[in-house]
Amino acid sequence: MNAAESMFDSQWMARALRLAERGLLTTTPNPRVGCILVKDGISVGEGWHERAGEPHAEPHALRMADAKAKGATAYVTLEPCSHYGRTPPCTDALIAAGISRVVVAMQDPNPLVSGKGLAKLRDVGIEVECGLMETEARTLNIGFVKRMTSGMPWVRSKIAASLDGRTALANGESQWITGEAARRDVHGWRARSCAVMTGIDTVLKDDAQLSVRHIPTTRQPLRVVLDSHLRIPYSAKIFQGGQVLIVTATPDANKISLLEQAGSMVAVLADENGQVDLHAAIRHLASIGCNEVLVEAGGTLNGALLQAGLVDELVIYFAPQLLGDFARGIAQLGELEKLDQRINLEWQDVRHVGKDLRIVVKVTQSHLALGEG
């Protein structure tokens with residue numbers, strides 16, 4: 001392939017990725033996928049996967065192209081499926097339409113598909129290329145990829161803090177440290193997440209709904225409360241407007257029955273200390289199809305998740321103010337005696353959101369979780 005052809009392919013794949021982004025808030029538990037069909041240098045059909053149970057990106061593009069699909073090149077952001085799920089195999093549709101070439105951004109990490117779709121296309125003589133703009137495709141489906149390869153979701157913790165890293169006064173007062181623009185921005189993170197998770201102390205203190213309200217959405221994330229001793233009141237606002245999962249360590253059949261009658265789900269996942277088993281809780285969320293989990297909690301739960309190596313990414317909104325030494329910190333990590341015990345982070349994005357600064361960092365390694373030092 002010469003440089004001109006490579007540039008040509010990259011331009012169309014970039015378009016397919018933009019199409020895939022249209023499903024950012026709606027496709028869960030499925031991946032976000034875009035497809036564009038190109039013939040004689042022009043687009044003849046395009047589509048994206050909108051929601052689980054509905055047609056994938058390829059059938060949408062093929063329907064638009066109709067007879068023009070014959071001999072076209074398909075640019076797809078994820079390997080076309082080759083198995084029957086809720087919808088028929090996309091590979092069969094591409095073959096039947098007479099597609100001559102398929103360019104794929106990345107192989108599907110789902111064991112049901114991985115490599116099989118590409119092989120099926122090659123077996124009938126279709127030219128197949130894989131790996132173009134793979135990094136971008138993986139980033140778009142970061143939670144789906146992690147769930148399929150590790151059995152765990154991508155866990156992202158949102159934190160609002162002062163410039164000196166404080167999230168609340170010593171007495172617990174925290175509304176509001178950040179401005180309205182930052183608070184609205186959080187709803188975008190909620191909307192793309194499969195679940196929003198918090199601890200019982202946050203529910204008891206703030207009585208927050210943790211729902212998406214400030215941006216248009218057709219889907220509310222699952223709200224998850226870690227409540228070891230089932231202290232949650234039945235009148236809590238979090239029970240309003242969407243599914244709720246209570247994860248507890250208390251097998252109290254009467255309380256669990258009342259919570260289930262109120263419409264919530266309950267999972268009993270206890271560790272050896274009689275607290276919620278954090279690893280089991282996060283693994284359970286993956287088992288019910290959660291790709292991305294947003295944590296909105298205080299320093300106790302943030303610290304416990306970080307120490308357990310369960311946080312993949314931090315989204316921190318820093319407000320231009322100082323709250324002082326006695327205010328509460330971002331995460332309770334205990335005393336570190338050596339720098340080798342620190343949690344290492346990698347910059348992902350830094351930008352202004354209103355009057356505040358939003359920093360996104362990836363957790364690259366936690367020596368606390370590894371038990372080092």
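Hydrogens, waters and symmetry mates play no part in the numbers below; they use all other heavy atoms, side chains included.
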Can you name the one residue among [options] that meets side-chain contact (heavy atoms from CB on, under 4.5 Å) with [X]?
| X | options | result |
| --- | --- | --- |
| V224 | I238, I246, V247 | V247 |
| M152 | D312, L285, I282 | I282 |
| T198 | T202, I200, V196, D201 | T202 |

With side-chain contact (heavy atoms from CB on, under 4.5 Å) as the criterion, how do M13 and T77 come out once you've worked through the C-alpha distance, each side chain's angles and the decisive distance to 0.1 Å? CA-CA 7 Å; M13 186 60 78; T77 60; 4.3 Å; yes
For [Y], does its backbone N or O pair with a side-chain atom of [X] as donor and acceptor, under 3.5 Å?
| X | Y | result |
| --- | --- | --- |
| E79 | K116 | yes |
| T167 | G329 | yes |
| E46 | A16 | no |

Just checking [X]: does its [atom1] atom have more than 12 heavy atoms from other residues, nucleotides or ligands closer to it than 6.0 angstrom?
| X | atom1 | answer |
| --- | --- | --- |
| D325 | CG | no |
| K70 | NZ | no |
| K39 | NZ | yes |
| Q321 | CD | yes |

With side-chain contact (heavy atoms from CB on, under 4.5 Å) as the test, would you mind laying out the steps for Q348 and V361 before giving the verdict? CA-CA 5 Å; Q348 301 294 301; V361 290; 5.6 Å; no
Can a side-chain donor-acceptor contact be found between [Y] and [X] if the only test is distance below 3.5 angstrom?
| X | Y | value |
| --- | --- | --- |
| T300 | Q332 | yes |
| S162 | D164 | yes |
| N302 | S157 | yes |

After noting the C-alpha distance and the side-chain angles of K146 and I142, does the key distance pass the side-chain contact (heavy atoms from CB on, under 4.5 Å) rule? CA-CA 6 Å; K146 187 181 179 195; I142 197 164; 6.0 Å; no
For D40, all residues meeting salt bridge (Lys or Arg N to Asp or Glu O under 4.0 Å), sequence neighbours excluded: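 None.
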If you apply the rule salt bridge (Lys or Arg N to Asp or Glu O under 4.0 Å), what do you find for E346 with K362, and how did you get there? CA-CA 5 Å; E346 182 178 285; K362 180 180 177 182; 5.2 Å; no
Assess the residue pair V212 and L25 against the criterion (side-chain contact (heavy atoms from CB on, under 4.5 Å)); give the C-alpha distance rounded to whole Å, side-chain angles, the decisive distance to 0.1 Å, and a yes or no. CA-CA 11 Å; V212 181; L25 310 184; over 6 Å; no
Can you name the residues that form a side chain to side chain contact (heavy atoms under 4.5 Å, CB included) with T73, not counting sequence neighbours?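 T73 satisfies side chain to side chain contact (heavy atoms under 4.5 Å, CB included) with Y75, R101, V103 only.
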Side chain to side chain donor-acceptor pair (under 3.5 Å), paired with R147, selected from N291, N141, N110: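 Going through the options one by one, the only one that passes is N291.
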Rounded distance [0.5 Å steps], CD1 in I359 versus CG in L357: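 So the CD1 of I359 and the CG of L357 are separated by 4.5 Å.
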